[in-house]
Amino acid sequence: DVHRKLGYRLSIDQAILPKTSHVDDKLCFILDFSNHGYAAVSKDLKLYFILNSGSHYYAGEIPDVDVRTWLPGDINAVYAGVRLRNIPEGTYKVLLGLIDPLKGSHADYNVLLATHNVPMHAEGLNDLGHTITISGTQSQSTSCPDVTSWRPPSRGHY
């Protein structure tokens with residue numbers, strides 16, 4: 001069991017997400033992460049909120065998240081929101097990316113969460129097992145980052 005905890009071992013304990021939202025709305029959510037390893041993350045990874053429908057991906061970086069502060073044994077709550085700008089109506093899978101900005105175009109360098117049925121090994125992304133239905137325009141002013149069209153990293157070798 002020791003070898004499974006060497007370094008960091010991040011998992012998602014809870015995700016509170018809406019089931020529906022509107023185009024141009026602010027989509028707010030809460031994510032709880034734990035580090036079950038023996039060390040903190042040393043790289044400055046960026047956390048991305050990603051929506052996926054078929055071959056179309058939309059992503060936005062979740063600002064002000066420093067995963068290097070997620071120490072072993074701590075629960076790390078992320079309260080965040082993104083703006084759903086220019087996203088077509090439809091139903092989307094919710095994914096997360098823990099991406100090294102220096103290697104972002106290569107899925108093999110992304111961090112997969114150690115939560116059962118969450119990692120998408122070949123894509124280097126994490127599937128939260130949740131869908132959101134986006135409908136009609138309902139414009140609001142917000143300071144959240146925009147979720148825009150996004151190209152996923154190239155497939156990994158797993």
Side-chain angles (χ1 to χ4, degrees), residues 8-37 40-41 43-71 73-101 104-105 107 109-153 155-156:
Y8 56 86
R9 186 167 171 84
L10 305 178
S11 64
I12 188 158
D13 301 319
Q14 176 175 246
I16 300 173
L17 299 153
K19 293 182 182 190
T20 62
S21 191
H22 299 280
V23 174
D24 287 336
D25 254 1
K26 176 181 175 182
L27 187 145
C28 297
F29 50 90
I30 301 170
L31 306 170
D32 288 341
F33 296 91
S34 293
N35 181 351
H36 300 284
V41 177
K43 292 183 179 183
D44 185 19
L45 302 172
K46 302 301 180 191
L47 181 61
Y48 282 84
F49 179 86
I50 304 162
L51 296 176
N52 169 239
S53 178
S55 63
H56 300 286
Y57 291 83
Y58 301 89
E61 182 182 336
I62 301 172
D64 304 320
V65 174
D66 187 351
V67 299
R68 295 171 297 183
T69 65
W70 296 359
L71 301 177
D74 288 352
I75 295 175
N76 304 281
V78 174
Y79 300 90
V82 292
R83 179 110 184 242
L84 302 173
R85 184 179 300 279
N86 301 320
I87 294 180
E89 294 182 36
T91 300
Y92 296 87
K93 291 189 330 183
V94 178
L95 311 176
L96 289 177
L98 280 161
I99 298 174
D100 181 341
S105 62
Y109 295 99
N110 294 351
V111 172
L112 298 175
L113 297 172
T115 307
H116 186 65
N117 290 332
V118 169
M120 300 168 62
H121 295 277
E123 292 84 356
L125 300 173
N126 299 282
D127 184 347
L128 296 185
H130 183 81
T131 59
I132 294 178
T133 300
I134 310 294
S135 61
T137 302
Q138 184 179 18
S139 183
Q140 292 182 349
S141 176
T142 179
S143 61
C144 288
D146 290 342
V147 173
T148 58
S149 183
W150 184 70
R151 182 182 193 144
R155 294 182 66 87

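Nothing fancy with the numbering, it's 1 onward along the sequence.
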Trainee: Scan Leu31, Asn76, Leu47 and name whichever one has a side-chain contact (heavy atoms from CB on, under 4.5 Å) with Val65.
Mentor: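 Exactly one pass, corresponding to Leu47.
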Trainee: Does Leu95 form a side chain to side chain contact (heavy atoms under 4.5 Å, CB included) with Asp127? I'd like the steps, not just the answer.
Mentor: CA-CA 5 Å; Leu95 311 176; Asp127 184 347; 3.8 Å; yes
Trainee: Is there a donor-acceptor pair under 3.5 Å between the side chain of Asp32 and the backbone N or O of Asp13?
Mentor: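 A pair under 3.5 Å: no.
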Trainee: Drop me the distance from Tyr58's OH to Ile134's CD1, to the nearest 0.5 angstrom.
Mentor: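 CD1 of Ile134 is found 11.0 Å from OH of Tyr58.
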Trainee: Looking only at atom types and distance, does a side-chain atom of Asn52 sit under 3.5 Å from a main-chain N or O of Gly54, one as donor and one as acceptor?
Mentor: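 Yes.
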Trainee: Can you check side chain to side chain contact (heavy atoms under 4.5 Å, CB included) on Leu51 and Leu84, steps first, answer last?
Mentor: CA-CA 10 Å; Leu51 296 176; Leu84 302 173; 3.8 Å; yes
Trainee: Output the distance between atom OH (Tyr79) and atom CD1 (Ile16), rounded to the nearest 0.5 Å.
Mentor: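 Tyr79 OH to Ile16 CD1: 8.0 Å, rounded to 0.5 Å.
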Trainee: Here's a test for you: under side-chain contact (heavy atoms from CB on, under 4.5 Å), which of Leu96, Val67, Leu98, Ile99 qualifies with Val111?
Mentor: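 Result: among Leu96, Val67, Leu98, Ile99, Leu98 is the only option passing the side-chain contact (heavy atoms from CB on, under 4.5 Å) with Val111.
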Trainee: For the residue pair Pro18 and Cys28, what are the closest heavy atoms and their distance?
Mentor: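 So the minimum-distance heavy-atom pair works out to CD-O, 3.5 Å.
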Trainee: Taking atom NE2 of His36 and atom OG1 of Thr115, what is their separation to the nearest 0.5 Å?
Mentor: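 Between atom NE2 of His36 and atom OG1 of Thr115 there are 7.0 Å.
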Trainee: Do other residues, nucleotides or ligands put more than 12 heavy atoms under 6.0 Å from the CD1 atom of Ile30?
Mentor: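 Count over threshold, so yes.
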Trainee: Determine whether a donor-acceptor pair (N or O, by modelled atom type, separation under 3.5 Å) exists between the side chain of Arg83 and the backbone of Asp24.
Mentor: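 Yes; at least one donor-acceptor contact below 3.5 Å.
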Trainee: With side chains defined as the heavy atoms from C-beta onward, is the minimum distance between Ile12 and Asn126 less than 4.5 Å?
Mentor: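 Of all side-chain heavy-atom pairs linking Asn126 with Ile12, none is under 4.5 Å.
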Trainee: Quick one: are Asp100 and Leu45 in side-chain contact, heavy atoms under 4.5 Å?
Mentor: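 SC-SC contact between Asp100 and Leu45 confirmed.
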Trainee: Evaluate the side-chain proximity of Ile50 to Tyr57: yes if any heavy-atom separation is below 4.5 Å, no if none is.
Mentor: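 Contact flag for Tyr57/Ile50 side chains = yes.
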Trainee: For Thr69, what residues pass the side-chain hydrogen bond (donor to acceptor under 3.5 Å, both in side chains) criterion, not counting sequence neighbours?
Mentor: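 Expected list: none.
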Trainee: Measure the CG-CG distance between Leu10 and Leu113 for me, rounded to the nearest 0.5 Å.
Mentor: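 The distance works out to 6.5 Å.
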Trainee: Between Ala122 and Ala107, which heavy-atom pair has the shortest distance, and what is it?
Mentor: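 So the minimum-distance heavy-atom pair works out to O-CB, 3.7 Å.
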Trainee: Name the one of Ile87, Leu27, Val82 that satisfies side-chain contact (heavy atoms from CB on, under 4.5 Å) with Ser21?
Mentor: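 Between Ser21 and the candidates, side-chain contact (heavy atoms from CB on, under 4.5 Å) is satisfied uniquely by Leu27.
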Trainee: Could you tell me which residues satisfy side-chain hydrogen bond (donor to acceptor under 3.5 Å, both in side chains) with Thr133, sequence neighbours excluded, listed by chain and number?
Mentor: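 So Thr133 forms a side-chain hydrogen bond (donor to acceptor under 3.5 Å, both in side chains) with Thr91.
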Trainee: Which heavy-atom pair separates Leu112 from His121 by the least distance, and what is that distance?
Mentor: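 Where Leu112 meets His121 most closely, the heavy atoms are CD1-ND1, 3.4 Å.
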Trainee: Would you mind reporting whether His130 and Lys19 have side-chain heavy atoms less than 4.5 Å apart?
Mentor: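 Lys19 reaches His130 side chain to side chain.
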Trainee: Between atom CZ of Phe29 and atom CZ of Phe49, what is the distance when rounded to the nearest 0.5 Å?
Mentor: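 The CZ atom of Phe29 sits 5.0 Å away from the CZ atom of Phe49.
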Trainee: For Asp44, which residues count as a salt bridge (Lys or Arg N to Asp or Glu O under 4.0 Å) partner, sequence neighbours excluded?
Mentor: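 With neighbours one apart ignored, the set is Lys46, Arg68.
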Trainee: Atom OG1 of Thr131 and atom CG of Leu17: how far apart are they, to the nearest 0.5 Å?
Mentor: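 Atom-to-atom, Thr131:OG1 and Leu17:CG are 10.0 Å apart.
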Trainee: Provide the closest heavy-atom pair for Leu125 versus Gly97 in the form atom of the first, atom of the second, distance.
Mentor: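 Of all heavy-atom pairs spanning Leu125 and Gly97, the closest is CD2-CA, 4.0 Å.
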